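Written out below as C-alpha cells is the structure these notes cover.
Being a predicted model, the structure only gives us computed values, none of them experimental.
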Amino acid sequence: MRKEGFCAYGASHIQTLLAQVRPLIRQSDWTPDALEMLRESLFTLQVCLRVFQPCFPPTRIAFWKRRLRRVLRALHQLELNQRLLDWLSQRDAPPPARAGIERVRLRLHQVQETHLQRLHTALQQLQRDHVLEEIGGLSRRWAESFAQEPPCTDYASQQWQACLREHRPAIENSTMALELRWGRLRTLLKASALLQPLLDEPLAPPEWHALYQQLDEARFLHHARQQVEQLMRAEKTLTEQYYGHARPFARLQPGFQHLLRLLKEVETPEKPL
C-alpha cells in the first residue's frame, strides 16, 4: 500500500478548507453565518488532521490540534449561546415571567461578547503560531508532488478502520459523557464524508445521523438548563451584593423558573438505535 495518492487527496481537501478559513479569520465583525462557516471549516480541518495524520509529522499535528481545539471551544460555546438566544425569541412568556426572561436575554448577550473575545484571542494565537501556514505548506507539497497518483483504496480503508475503532464507542456506549459522545460521533460522520468518495461501501448508516441529531438536541438542552441555572444563581448573588438582601430578585425569579420548566418539558430520553 502506498500513502502518497491518499495524502495528495487529503491535501487537496485541506487546501480548500484553508482558502475558506483565511478570509473568515480576517473579519473584524462576524455574522452568525460567518461564525457557523468558520466553525464547520475548522472542525473539518481538525478531522482531516486525524484522517490524514500519516501524511504529517506527529509532533506538529499534536501542536496544531491544540491550537485548533482552543478556537473550536470558543466557537462551540458561541453556537450554543446563540441557539439559546434563538430559542428564547421563539417562545411566549406569561406577564410575571417577562422581566426575568428579559434579564436572561441581556445576560446571554453579555456572555456572547465574552465568548467572542475568547475567540478573538484564540485566533490571534493561531495566527501568531503560523498554524494554518504550516499546514498549508506541507499540504501543498503533497498536492504538487503526487497530484497524478490515484489514492490507494486499501490505505484509505485502513485509515477508516482506525478512525472507526477510536470513535465507535461513542455510538454504543450510552454512559459516555454527552459532549464527548456528540464530538466523537460528529468526527466519525465527518470522516466518513471525507473518505466515502474513495471507498465503494457505505460508511455512515442513517442510524448514525439520527443519533447525532438526538445527541445534538440533548447537548443543547443540557447546556441551556445549566446556563439558565448559572445565570439565576449569579443574578441572585448580584442582587444581594447590590441591595444587601435578595428581595428585589423576586421580580426576576419567575422568569428563570419558567424557562427551566420549559426546558425540562422538552427534554426526551435517548432512543435506542
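Residues meeting the salt bridge (charged side-chain N to carboxylate O under 4.0 Å, His left out) test with Arg107, sequence neighbours left out: Glu235. In terms of the salt bridge (charged side-chain N to carboxylate O under 4.0 Å, His left out) criterion, Glu229 has no residue partners (sequence neighbours excluded). With sequence neighbours excluded, the residues forming a side-chain contact (heavy atoms from CB on, under 4.5 Å) with Arg140 are Gln15, Glu144, listed by chain and number. Residues that satisfy the side-chain contact (heavy atoms from CB on, under 4.5 Å) test with Thr16, not counting sequence neighbours, are Gln20. Taking the side-chain contact (heavy atoms from CB on, under 4.5 Å) definition, one finds that Gln230 meets it with Gln227, Arg233, sequence neighbours left out. Take Arg67 and apply the salt bridge (charged side-chain N to carboxylate O under 4.0 Å, His left out) test, not counting sequence neighbours, and it matches Asp129. Qualifying side-chain hydrogen bond (donor to acceptor under 3.5 Å, both in side chains) partners for His76, counting only residues two or more places apart in sequence or in other chains: Arg39. Listed by chain and number, the residues in a salt bridge (charged side-chain N to carboxylate O under 4.0 Å, His left out) with Lys190 are Glu40 (sequence neighbours excluded). Arg251 pairs by the side-chain contact (heavy atoms from CB on, under 4.5 Å) definition with Ala99, Arg103, not counting sequence neighbours. Listed by chain and residue number, nothing satisfies the side-chain hydrogen bond (donor to acceptor under 3.5 Å, both in side chains) test with His223 (two or more places apart in sequence, or in another chain).
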* Asked: Passes salt bridge (charged side-chain N to carboxylate O under 4.0 Å, His left out), Arg261 versus Glu265? Steps please.
  -> CA-CA 6 Å; Arg261 280 195 301 272; Glu265 288 171 4; 5.8 Å; no
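Within the 4.5 Å cutoff, side-chain heavy atoms of His222 are placed close to those of Gln226. In this structure, the side chains of Leu215 and Arg186 stay at 4.5 Å or more apart for every pair of heavy atoms. In this structure, the side chains of Phe43 and Thr187 come closer than 4.5 Å at one or more pairs of heavy atoms.
Panel note: side chain Ser41, backbone Leu38; no donor-acceptor pair is recorded below 3.5 Å. Proximity of a side-chain donor or acceptor of Trp142 to a complementary backbone N or O of Cys55 within less than 3.5 Å is detected. In this structure a side-chain-to-backbone donor-acceptor pair under 3.5 Å is missing from Gln214 to His209.
Side chains of His120 and Gln124: a donor on one and an acceptor on the other come within 3.5 Å.
In this structure, Leu17 is a member of the same hydrophobic cluster as Ile135, with clusters built from ILVMFWY side-chain heavy atoms closer than 4.5 Å. Under the 4.5 Å side-chain heavy-atom criterion for grouping Ile, Leu, Val, Met, Phe, Trp and Tyr, Val111 is not connected to Leu221 through any hydrophobic cluster.
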Donor-acceptor pairs are to be reported for all side-chain atoms of residues 84-96 against protein atoms at under 3.5 Å, with residues two or more places apart or in another chain.
from, atom 1, to, atom 2, distance (Å)
Asp86, OD1, Gln82, NE2, 3.0
Ser89, OG, Asp86, O, 2.7
Arg91, NH1, Trp87, O, 3.1

Review item, side-chain donor-acceptor pairs of residues 154-168, under 3.5 Å, at least two apart:
from, atom 1, to, atom 2, distance (Å)
Glu166, OE1, Arg50, NE, 2.6
Glu166, OE1, Arg50, NH2, 3.0
Arg168, NE, Glu172, OE2, 3.0

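Shown here is Gln110, whose CD atom has more than 12 heavy atoms of other residues, nucleotides or ligands within 6.0 Å. Other residues, nucleotides and ligands place more than 12 heavy atoms under 6.0 Å from the CZ atom of Phe63. Counting non-hydrogen atoms of neighbouring residues, nucleotides and ligands closer than 6.0 angstrom, the CZ atom of Arg141 reaches no more than 12 such neighbours. The environment of NZ in Lys65 is crowded: more than 12 heavy-atom neighbours from other residues, nucleotides or ligands sit within 6.0 Å. Annotation for Arg128: atom CZ counts as buried by contact number, over 12 foreign heavy atoms lying within 6.0 Å.
Ring geometry for Phe52 against Phe6 counts as tilted: the plane angle lies between 30° and 60°, on a 0 to 90° scale. Relative orientation of the His245 and Tyr243 rings is tilted, given thresholds of 30° and 60° on the angle between their planes.
Ile14 and Cys48 get closest at one heavy-atom pair: CG1-CB, 3.8 Å.
Taking the charged nitrogens against the carboxylate oxygens, Arg98 and Glu102 have no contact shorter than 4.0 Å, which rules out a salt bridge.
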